[in-house]
Amino acid sequence: MKPTDEESTIVQDVVVTETGSLARRSLASVHDAVDPRIRPSDRPTDDVLDEGYARQLSDYLGHKHHHEKSPSEREGSQKDSNEPIYVEFEEVDSRDPMNFSYTRKWLITFTASFFSIIVASSSSAYALGVPSMIRDLNATQFQATIGLSMYTLGFAIVPLVSASFSEEFGRQPLYFFSGVGCLLMHLMIALAPNIQTVIVGRFLAGAFGSTGSTMVGGTIADIWAPHERGMPMSLFAIMALTGPGIGCVASGWIEQDPHLEWRWIQWIHVIWTGIFVIAVPICMKETRSGVLLTRLAKKLRKDTGNHHYRARVEDERASLRTLIYISCTRPIYLLITEPVVAAFSLWVGFAWGILYVLVESIAPAFRTIHHFNTGQTGTVFATMIVGCFAGLAIQLYQEKLYTKHAPKRGPEARLFSACLGAVLFPAGIFIYAWSTFESVHWMGMAVGVFVIMTALFVLYVAVFTYLADCYGIFASSALAGQSLCRNLMGMAFPLFTEQMFARLTYHWGNTLFGCIAIAMIPIPFVLMWKGPVIRASSKFASQTVHKF
């Protein structure tokens with residue numbers, strides 16, 4: 001929608017062609033939103049706007065604090081000076097990430113999703129290499145299990161900072177440095193002389209690799225309109241959820257070979273992560289529109305001498321202290337205060353815990369019940385891959401339903417498949433639970449895993465697409481909030497899996513999980529029913545403009 005002539009004019013005759021033609025608007029007509037916790041009095045002054053964060057940090061460390069104006073002083077100064085002039089992309093501007101070519105969009109989507117399959121594979125492949133690692137490093141089974149959990153702990157904590165900072169400084173740099181860090185940590189594990197080094201390396205690998213999970217949803221929301229996101233999100237989900245299966249299938253046979261074993265599981269991830277690091281500067285471009293507009297606004301200020309030009313997102317940058325507060329607290333704030341984020345986080349968190357229970361328990365279950373060797377137990381994880389593709393088939397039909405119902409239902413049209421997944425999930429758990437007998441063919445357990453992964457795929461896509469639609473530019477923070485809950489459960493569940501199954505057996509332990517899954521069935525149905533009302537009361541979701 002175009003603003004009125006009084007609200008908007010076009011910046012013309014800019015010498016630097018890089019800035020091109022930008023819409024110039026007042027606060028009343030600007031489209032971009034910022035964190036609603038930012039008050040008008042918190043807007044940065046002209047002298048602070050272009051001051052580097054390194055300089056501000058140096059001043060803080062040197063106790064050279066800038067004079068902070070009180071709210072009344074700020075209001076007075078704003079009355080005496082001109083209001084900020086906000087710049088935005090024109091609707092057809094090719095620099096707007098939403099206007100990238102389809103080739104560029106798919107290249108960015110595939111590259112970001114490729115990182116997802118690497119870090120997902122690493123999360124589970126580690127478990128198949130535990131026997132040789134215990135032998136080589138003289139470690140205990142529990143110490144090795146800690147290495148599995150520490151990876152998900154890194155996944156849980158770091159996005160609270162990294163996801164929001166990507167919304168301030170840009171996605172592309174974070175992808176590159178995360179890839180480099182992840183590569184170095186896998187190298188550290190491959191060369192580890194003791195189990196303590198492995199545990200530390202696993203935590204840091206998860207910390208760097210978390211970008212491949214939490215930020216991809218935000219990247220897709222940056223470049224694809226809501227009605228286009230279904231297939232990109234499905235590609236991301238295929239990469240993220242087939243990763244554990246692919247990693248386990250490969251690592252099972254690597255562990256079986258006495259010349260390779262657990263160190264080569266890590267070396268292979270070093271190689272694939274290196275390919276990703278090389279691909280980032282070649283295949284990816286910056287997709288965060290706020291970052292791009294900030295760069296253009298800085299150029300306008302420099303070239304015109306008018307310091308009133310700014311991007312709307314710069315209103316969050318009054319000071320380094322404000323930036324850190326906003327960026328680091330936004331994911332937790334969304335998780336605590338937004339019912340949509342909280343409900344989906346609880347649901348997907350439990351499902352993620354079940355995924356790591358499967359990763360931890362499938363190998364010993366098939367070894368003890370059906371006497372599989374390491375390579376054969378790794379191959380069982382292929383059922384996860386097949387389940388993901390079955391979920392993709394359901395998602396293709398979900399896209400047709402979304403296209404049909406989105407004009408009327410909005411983001412809730414994403415949830416038809418989630419309602420089916422809510423029913424399939426406990427069904428798969430029960431099938432797996434009551435097939436864990438020697439008298440039942442091993443295919444029974446495999447079918448249970450297949451149904452669980454089909455449901456998990458559907459749930460995973462629903463969470464990412466629905467939250468991206470609901471929260472728009474805040475998508476990475478919303479996804480980081482649910483990632484915290486999801487990965488904390490993924491960290492905790494493996495720590496008690498072995499002890500729980502030892503006491504309750506595989507039948508009753510998994511039956512307990514199935515009963516909990518039944519209790520969570522209403523979540524997508526309630527959101528289908530009351531989602532619009534819940535979103536209307538949200539300070540964040542109500543700012544998102546949906547184009548269906």
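One-based numbering along the sequence shown.
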Side-chain contact, heavy-atom cut-off 4.5 Å: [X] with [Y]?
X      : Y      : answer
Arg202 : Ser122 : yes
Ile362 : Thr377 : no
Tyr397 : Leu420 : no
Tyr432 : Val451 : no
Leu128 : Ile254 : no
Leu153 : Leu488 : yes
Asp257 : Trp264 : no
Met384 : Leu241 : no

Next on the checklist: Would Glu399 and Arg414 count as a salt bridge (Lys or Arg N to Asp or Glu O under 4.0 Å) here? Give the steps.
Outcome noted: CA-CA 8 Å; Glu399 283 305 296; Arg414 298 282 188 196; 3.5 Å; yes
Item to check | Trace of the side-chain contact (heavy atoms from CB on, under 4.5 Å) decision for Val119 with Tyr151 | outcome: CA-CA 10 Å; Val119 298; Tyr151 191 88; 3.5 Å; yes
Is the [X] ring parallel, tilted or perpendicular to the [Y] ring (thresholds 30°, 60°)?
X      : Y      : result
Phe114 : Trp272 : perpendicular
Tyr175 : Phe115 : perpendicular
Tyr460 : Phe236 : tilted
Phe350 : Phe425 : perpendicular

Next on the checklist: Please report whether the ring centroid of Trp434 lies less than 6.0 Å from that of Trp508.
Outcome noted: yes
Checklist entry - Ring centroid separation for Phe513 and Phe493, is it under 6.0 angstrom? => result yes
Checklist entry - Looking at Tyr102, is Lys105 sitting on its ring face, NZ or CZ under 6.0 Å from the six-membered ring centre and within 45 degrees of the normal? => result yes
Under 3.5 Å, side chain of [X] to main-chain N/O of [Y], donor-acceptor pair present?
X      : Y      : value
Ser149 : Met491 : yes
His441 : Met443 : yes
Arg171 : Arg288 : no
Gln398 : Ser417 : yes
Thr273 : Gly179 : no
Gln376 : Gly252 : no
His186 : His269 : no

Output the distance between atom [atom1] ([X]) and atom [atom2] ([Y]), rounded to the nearest 0.5 Å.
X      : Y      : atom1 : atom2 : value
Tyr402 : Leu415 : OH    : CG    : 10.5 Å
Met188 : Thr197 : CE    : OG1   : 5.5 Å
Thr145 : Leu495 : OG1   : CG    : 7.5 Å
Gln256 : Ser251 : CD    : OG    : 11.5 Å
Ser116 : Ile238 : OG    : CD1   : 12.0 Å
Met133 : Ile195 : CE    : CD1   : 5.5 Å

So which atom in [X] and which in [Y] form the shortest heavy-atom distance, rounded to 0.1 Å?
X      : Y      : answer
Val341 : Leu334 : CB-O, 3.7 Å
Cys248 : Phe381 : CB-CG, 3.3 Å
Cys419 : Met528 : SG-CG, 4.0 Å
Cys283 : Ile108 : O-CG1, 3.9 Å
Ile518 : Pro426 : CG1-CB, 3.7 Å
Ala446 : Thr383 : CB-CG2, 3.7 Å

Got a sec: does the [atom1] of [X] have more than 12 other heavy atoms crowding it under 6.0 Å?
X      : atom1 : result
Phe430 : CZ    : yes
Phe437 : CZ    : yes
Trp267 : CH2   : yes

Next on the checklist: Please enumerate all residues that pass ring pair (Phe, Tyr, Trp, His ring centres under 6.0 Å) together with Phe457, with sequence neighbours excluded.
Outcome noted: none
Checklist entry - Does the pair Met231 and Leu235 meet the rule for a side-chain contact (heavy atoms from CB on, under 4.5 Å), with working shown? => result CA-CA 6 Å; Met231 286 310 298; Leu235 172 65; over 6 Å; no
Item to check | Tyr333 and Glu338: CA distance, side-chain angles, deciding distance, side-chain hydrogen bond (donor to acceptor under 3.5 Å, both in side chains) verdict | outcome: CA-CA 8 Å; Tyr333 185 84; Glu338 296 286 316; over 6 Å; no
Checklist entry - For Val458 and Leu424, what are the C-alpha separation, side-chain angles and deciding distance, and is it a side-chain contact (heavy atoms from CB on, under 4.5 Å)? => result CA-CA 10 Å; Val458 169; Leu424 286 178; over 6 Å; no
Just checking, is any N or O donor in the side chain of [X] or [Y] under 3.5 Å from an acceptor N or O on the other one?
X      : Y      : value
Trp352 : Thr152 : no
Thr219 : Asp222 : no
Gln266 : Tyr126 : no

Checklist entry - Pick from Ser124, Ser123, Ser361: which one makes a side chain to side chain contact (heavy atoms under 4.5 Å, CB included) with Tyr356? => result Ser123
Item to check | Residues Arg263 and Glu255 bridged, charged N to O under 4.0 Å | outcome: no
